[in-house]
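The structure appears right after this line, and notes come after that.
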Amino acid sequence: MDRFIDDLPPMDLMRSEKMMFVQLIIPVESAQRAVSYLGELGLLQFRDLNSDKSPFQRTFVNQVKRCGEMSRKLRFFKEQINKAGLQSSVHPVSGPDLDLEELEIQLAEHEHELIETNSNSEKLRQTYNELLEFKMVLQKAGGFLVSSNGHAVAEETELSENVYSMNDYADTASLLEQDIRAGPSNQSGLRFISGIICKSKVLRFERMLFRATRGNMLFNQAPADEEIMDPVTAEMVEKTIFVVFFSGEQARTKILKICEAFGANCYPVSEDLTKQRQIIREVLSRLSELEATLDAGIRHRNKALTSIGFHLTKWMNMVRREKAVYDTLNMLNFDVTKKCLVGEGWCPIFAKAQIQEVLQRATFDSNSQVGTIFHVMDSMESPPTYFRTNRFTNAFQEIVDAYGVARYQEANPAVYAVITFPFLFAVMFGDWGHGICLLLGALVLIAQERKLSNQKLGSFMEMLFGGRYVLLLMSLFSIYCGLIYNEFFSVPFHIFGGSAYRCRDTTCSDAYTAGLVKYREPYPFGVDPSWRGSRSELPFLNSLKMKMSILLGVTQMNLGIILSYFDARFFGSSLDIRYQFVPQLIFLNSLFGYLSLLIIIKWCTGSQADLYHVMIYMFLSPTDDLGENELFWGQRPLQILLLLLATVAVPWMLFPKPFILRKLHTERFQGRTYGILGTSEMDLEVEPDSARQHHEDFNFSEIFVHQMIHSIEFVLGAVSNTASYLRLWALSLAHSELSTVFYEKVLLLAWGYDNLVIRLVGLAVFAFATAFILLMMETLSAFLHALRLHWVEFQNKFYHGDGYKFRPFSFALINDEED
Amino acid sequence: MYGFEAMTFNIHGGYLEAIVRGYRAGLLTAADYNNLCQCETLDDIKMHLSATEYGPYLQNEPSPLHTTTIVEKCTLKLVDEYKHMLCQATEPLSTFLEYITYGHMIDNVVLIVTGTLHERDVQELLEKCHPLGMFDSIATLAVAQNMRELYRLVLVDTPLAPYFSECITSEDLDDMNIEIMRNTLYKAYLEDFYKFCQKLGGATAEIMSDLLAFEADRRAVNITINSIGTELTRDDRRKLYSNFGLLYPYGHEELAVCEDIDQVRGVMEKYPPYQSIFSKLSYGESQMLDKAFYEEEVKRLCLAFEQQFHYGVFFAYMRLREQEIRNLMWISECVAQNQKSRVHDSVVFIF
């Protein structure tokens with residue numbers, strides 16, 4: 001037996017890769033290259049030897065800072081490119097390979113240029129905006145002035161000579177001068193200030209003016225025709241033009257202050273029409289000039305940005321890699337001579353040759369005289385867990401890892417989950433119509449695999465895409481189970497020949513009350529389609545699914561227990577085999593294994609025995625006669641034997657192990673009186689949280705309590721886990737009933753009317769219900785229940801899941817993370 | 001004394017309390033400060049901060065950093081968090097959160113008014129204002145010539161309006177009465193906040209009354225020390241003390257007549273909670289008083305997190321963050337000006 005097991009071919013996914021703890025001693029001159037080559041290889045996980053140092057105390061802090069600065073610049077470029085509405089090219093052009101220094105210089109140049117053009121165009125934009133605003137103010141405020149002028153002339157002729165005495169500024173002052181040169185101060189003069197302000201501030205502005213002048217002012221406003229671009233944020237702002245009429249010098253200063261406080265720009269407007277026209281002309285000509293300059297500036301900038309955009313992705317990758325390299329170098333230690341860097345880390349054993357080759361290449365490429373020393377060391381720490389998965393197994397491994405990463409070299413449940421997970425899902429989701437829908441979805445995802453894997457997906461789509469192969473298997477098994485259940489959107493199909501049953505009479509009216517008559521050979525595959533809607537449908541399906549659930553459950557739990565045997569064998573712990581595996585196997589099988597046996601016998605013989613009765617009275621009165629419930633000869637003595645075995649198994653798994661452990665411990669302790677003392681150096685190396693620390697402090701009560709908890713959990717779990725597998729039945733029932741409801745109560749009902757609209761509505765409701773409730777919600781719930789059955793019922797039999805993942809230093813992983 | 005807050009608090013306040021406790025976990029620890037104090041340049045500080053929650057706020061700053069940039073960005077984070085909480089809050093928590101900012105509002109008003117008095121540029125002043133204390137028409141403050149105008153033009157629209165009832169005078173503004181205005185406003189604000197918290201009741205009232213009483217007492221001591229040797233009369237001084245707190249009313253009577261720092265000390269040492277603060281100081285010294293008060297305040301604020309189902313945590317968190325920003329400012333200043341020996345003078349460790 002042992003020979004046979006040992007001779008089995010090794011399973012790759014069953015045990016995680018064998019790892020080794022290695023030390024690298026790299027000469028400083030080739031360190032950077034070596035680490036970057038290792039990053040390309042991606043098979044070595046470095047240990048942080050400087051964890052006590054803060055980031056800026058480490059060796060390569062300056063390089064890290066430079067990389068940070070460069071990536072800041074690159075982010076700035078990216079932002080600028082996005083702002084300008086350009087597309088940074090996805091396919092990087094293959095330019096000349098730069099080294100970091102050159103890149104740094106180039107980036108600085110580009111940034112400088114960009115900032116300069118930006119500030120220039122900002123200035124231009126500012127001037128342009130001012131002119132634009134001035135133009136608008138002139139146009140709008142001119143209108144106010146003309147109307148109010150006429151008004152003023154009519155009403156207060158005596159003021160007219162002094163009013164609006166602002167004629168003299170226009171030819172002297174620059175057009176853009178902000179403040180207003182009011183005419184000679186005149187107490188009785190009614191004067192005005194015109195300007196432009198953000199639309200959102202107008203109301204408060206007006207209120208403030210009203211308060212400040214105690215109501216002695218007239219406020220006119222008109223919305224601007226065009227939106228104005230804010231030069232800093234490049235957003236379009238709506239503005240409003242206003243004209244305030246007031247009198248008095250004090251009010252003027254106040255109003256100007258308020259204008260300033262609200263960020264309103266004031267522009268002088270001449271009320272002389274000819275002058276106004278002249279100014280408008282001037283402004284317009286300058287505007288068109290500026291526009292041309294602005295456009296040229298933007299074109300120039302966009303050209304520069306496009307040329308940056310060509311390289312951007314490449315540069316970003318490069319900087320990211322360099323930063324990762326220096327971050328890794330920061331994890332290394334200097335040796336005593338300060339000429340070498342010392343690194344420690346984990347790598348899988350198979351990668352040894354590759355790593356050595358890479359290191360040699362690095363030494364060669366950097367013309368270093370001294371090679372890198374690479375050797376294996378001992379470690380107290382438990383190695384990381386590393387499974388080599390492909391795109392098919394990856395999703396299943398993820399499902400298992402979500403519960404807990406396997407302990408180093410522990411049996412990996414993902415091996416079995418590849419089949420059992422989709423299968424248990426399908427038991428709950430058995431419908432070949434729905435299965436085909438899922439299959440189509442999965443096939444679409446797989447067909448688009450190449451395209452989608454390069455794309456950035458939403459979180460939901462990403463999840464769906466990541467599980468595409470799980471989905472594929474789930475749908476295939478759903479079709480299989482659906483064929484067995486004979487479910488197709490709850491429409492019965494005679495695929496495998498004619499039904500074995502027929503109605504009692506021609507009307508078939510009593511199919512539900514009296515049932516059907518069998519008249520020929522049984523239906524060859526799956527459930528007979530004629531049963532749908534007949535009396536025998538539910539009792540038969542329930543009984544079938546319930547018993548099937550228990551059979552599947554007991555099988556899977558036994559598999560779990562058997563895996564614990566292989567684990568114990570692998571780790572050489574005969575104690576676990578003798579005092580844990582054996583009693584557990586006996587306990588489970590003497591109770592529920594026996595139940596499974598009874599189910600199979602009942603199915604094979606067609607006996608009428610009541611299994612509930614058998615099981616219950618096996619405990620209540622094992623010695624009583626079984627009567628009509630006897631399924632086979634010798635059932636009673638067998639039951640008594642099984643009961644005894646189960647009773648013995650409980651103390652068997654509870655007591656011996658802790659006591660034997662204590663005995664072993666005391667023996668070892670006595671034997672070690674003259675043994676080798678652990679060197680103090682070794683003890684210091686041990687990380688406090690490492691999993692494989694020597695448990696020198698043996699605490700009997702703790703171990704005993706631990707064992708007690710485990711035993712109780714197993715004994716109670718045997719019952720509750722078996723019951724838990726009945727969810728297979730429950731969900732499957734719910735699924736088929738739901739689809740029956742949608743089919744019969746929605747689709748058939750609507751089809752009963754001879755009205756196209758009602759039929760269409762019925763069809764639409766049916767389609768939506770099928771898509772969202774049956775295909776999405778039910779898939780999700782069946783998925784979750786399958787997940788639970790694996791995580792709890794299956795894995796608690798053997799799986800510890802307290803390992804940690806192997807995270808090699810790899811550029812590929814870094815790029816994935818950043819994206 | 002306690003209502004049944006535990007039963008109903010989480011309906012409206014649970015989410016935000018969880019958020020604020022999450023934020024609190026992001027406060028810098030003593031280990032962080034130790035590392036920061038060892039920094040040689042501002043870039044080192046940035047690098048260290050980039051590993052903390054301030055990371056995203058500082059990562060896009062170009063390399064020659066300034067202290068102001070660091071402080072500005074850190075404040076920005078606080079403001080973002082505050083705004084997030086305010087958006088999520090329902091009554092009465094939203095009012096409570098708004099109350100927290102009134103103090104900054106008062107400071108900003110005073111800053112602008114003093115600035116314009118000394119003819120500084122308004123934009124420049126606005127940049128110096130604390131972003132939490134901004135309100136719409138703050139820039140217009142520059143227009144006002146006296147208290148009455150100040151009130152009538154600008155502040156009537158702000159939540160500060162009710163606090164103004166005591167200081168409306170037609171006198172022109174000068175440094176002295178601006179300072180008096182600040183303290184009168186602050187007094188009215190603290191009293192109002194205190195009343196509001198009492199109205200909320202339960203654990204909030206209990207914890208906040210403790211924190212606010214400490215704040216009021218500290219202000220009373222500061223007012224006393226700052227007004228020694230000025231022309232402020234005893235009665236005027238007495239009027240500036242808030243009408244609650246541990247020192248109210250007898251301590252206030254005694255503080256009002258103090259003529260030098262040692263007399264203040266004599267008064268304060270009668271109150272056991274403050275005894276420990278003053279016992280750290282040598283006689284005649286008032287320089288370290290601020291730090292001692294800050295340390296005591298931080299201790300009390302941290303204690304507010306020990307209890308659940310009350311609003312004090314929001315107040316405490318905002319104050320702790322502000323203290324943290326003060327610390328960062330001090331550290332960055334010391335680093336920038338090569339005064340590393342003084343770095344520990346003003347840093348108050350939070351945890």
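Heavy atoms only: backbone and side chains are in, while hydrogens, waters and symmetry mates are out.
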Atom [atom1] of residue position [X] - does it have more than 12 heavy atoms of other residues, nucleotides or ligands inside 6.0 Å?
{"X": "B/Glu119", "atom1": "CD", "result": "no"}
{"X": "B/Lys340", "atom1": "NZ", "result": "yes"}
{"X": "A/Phe334", "atom1": "CZ", "result": "yes"}
{"X": "B/His118", "atom1": "NE2", "result": "yes"}
{"X": "A/Lys323", "atom1": "NZ", "result": "no"}

Contacting moiety of A/Arg214, where chain B heavy atoms sit under 4.5 Å: side chain
Hey, which of A/Lys73, A/Arg75, A/Lys65 has the most heavy atom pairs under 4.5 Å with chain B? A/Arg75
Indicate yes or no: at least one non-hydrogen side-chain atom of B/Asp121 is less than 4.5 angstrom from one of A/Glu260. yes
Sort by residue number and list every member of residues 35-54 of chain B having a non-hydrogen atom under 4.5 Å from chain A. B/Asn35, B/Gln38, B/Cys39, B/Thr41, B/Asp43, B/Asp44, B/Lys46, B/Met47, B/His48
